[in-house]
There are 2 protein chains.
Amino acid sequence: MDFIKEKLEQGEYRLTRQRQVILDVMQEAEGEHLTAEEVLLAARRQSPRLGIATVYRTLERLASLGILYKSRFDEGKHRYEMADASQHHHHHIQCVGCGRIFELAEGLLDGIENEVNQQGFAVINHRLTIYAMCPQCKSE
Amino acid sequence: MDFIKEKLEQGEYRLTRQRQVILDVMQEAEGEHLTAEEVLLAARRQSPRLGIATVYRTLERLASLGILYKSRFDEGKHRYEMADASQHHHHHIQCVGCGRIFELAEGLLDGIENEVNQQGFAVINHRLTIYAMCPQCKSE
DNA sequence: TCAATAATGATAATCATTATCATTTTGGTA
DNA sequence: TACCAAAATGATAATGATTATCATTATTGA
Ligand SMILES: [Mn+2]
Ligand SMILES: [Mn+2]
Ligand SMILES: [Zn+2]
Ligand SMILES: [Zn+2]
């Protein structure tokens, strides 16, 4: 939590009330992947005058600082979650039955990454989403 | 080429002039990944009155028949290419330098897929994009 | 305290895609 | 061959997420 404040202060980035509220929302949404609209809804309980533009600006900024992790599934919008300090990037399984999103451990793609580097590329990042039926949906 | 006509005819799907032109464009764009707008531009050389709505409808239809393969990179729009009959799905490397898109062999993810199935899921599909510097951009 | 700068929020603009609907084309049928 | 119903087309409006604009407000440091 405090590494966040550090990052914020390093980056000449003021921790305003609005930003604090948005951060709180994100931290309380453990395990969820929220859209900007969903963040707005939740944040307005603390800060009713909050505008959607500020939410977009803040989420974008926090993501570029590595504090949030931004993903997009097969919808027209982005989703955000707290970035665990340890994992550079991680991947998801989206259930095609119930739509729920599950986490996938990091490092699964190291082999592939190596192979691609061998071919002369320099891998910088990658994004993987697996579409599956989750155990529960499977058994129905 | 002819498996396309089969599929089209099976699916009570008329091969109109517009659709033929769009297919031609896609087949001539070997190795490219085109947006709807780009398809429209090219197709209008053969069929100047072609409308964008028809392009969207046709691309969508052909993709759902498995004739085209639809992807989205870190842009706000989709890109289409002919689906090679053999490969169910394939993956891409996008160069963060020049933006070019390279193909990645299929089957790389079979290991991961098995692992996820082991955990009780039933994997249906997956999407992977690797971001890297391509050999040329790397050497500059 | 004051001026410079940053942040906010309302709202307009953007842009890809989808929906609507009147018109045209097609394929079968009498 | 003439006609009808269904399918397809194209112009255009609508949608929805995101970004840009800009006047107002808040914060900072001298
Ligand atoms: Mn996640
Ligand atoms: Mn491809
Ligand atoms: Zn499920
Ligand atoms: Zn390159």
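Just so we're on the same page: letters track the sequence lines, and every chain starts at 1. On a predicted model such as this, the values are computed, not experimentally measured, just so you know.
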Checklist outcome for this item: Between B/Thr54 and B/Gln18 the two heavy atoms that sit nearest each other are CG2-CB, 4.1 Å
Checklist outcome for this item: Rounded to whole Å, CG of A/Leu15 lies from P of D/dT27 at a distance of 12 Å
Next on the checklist: Can you confirm whether or not the ring centre of A/Phe73 sits under 6.0 Å from the ring centre of A/His92?
Outcome noted: yes
Checklist entry - What is the distance from CG of B/Leu40 to C1' of D/dT12, rounded to the nearest Å? => result 15 Å
Item to check | Test item: A/Ser64 side-chain N/O and A/Arg61 main-chain N/O as donor-acceptor pair under 3.5 Å | outcome: yes
Checklist entry - Does B/Thr54 make a side-chain N or O approach to OP1 or OP2 of D/dG10 shorter than 4.0 Å? => result yes
Checklist entry - What integer distance in Å separates A/Leu59:CG from C/dG9:P? => result 13 Å
Item to check | side-chain N/O A/Arg19 vs C/dA7 OP1/OP2, d < 4.0 Å | outcome: yes
Checklist entry - OP1, OP2 of C/dT25 versus side-chain N and O of B/Arg17: anything below 4.0 Å? => result no
Checklist entry - Is the ring centre of A/His90 less than 6.0 Å from the ring centre of A/Tyr69? => result yes
Using the 3.5 Å cut-off, write out each protein N or O paired with an N or O of nucleotides 14-23 of chain C and the distance between them.
| unit_1 | atom_1 | unit_2 | atom_2 | d |
| --- | --- | --- | --- | --- |
| C/dA16 | O3' | B/Gly76 | O | 3.4 |
| C/dT17 | OP1 | B/His78 | N | 2.9 |
| C/dT17 | OP1 | B/His78 | ND1 | 2.8 |
| C/dT17 | OP2 | B/Tyr56 | OH | 2.7 |

Checklist entry - To the nearest Å, how far apart are B/Leu50 CG and D/dA11 C1'? => result 13 Å
Item to check | Residue-phosphate contact under 4.0 Å: A/Gln18 side-chain N/O, C/dG9 OP1/OP2 | outcome: yes
Checklist entry - In terms of side-chain heavy atoms of B/Arg49, which of C/dG27, D/dA11, D/dT27 is nearest? => result D/dA11
Checklist entry - Does a side-chain N or O from A/Thr16 land closer than 4.0 Å to OP1 or OP2 of C/dT8, or not? => result yes
Next on the checklist: Using whole Å, what does the distance between atom P of nucleotide D/dA8 and atom CG of B/Leu62 come to?
Outcome noted: 12 Å
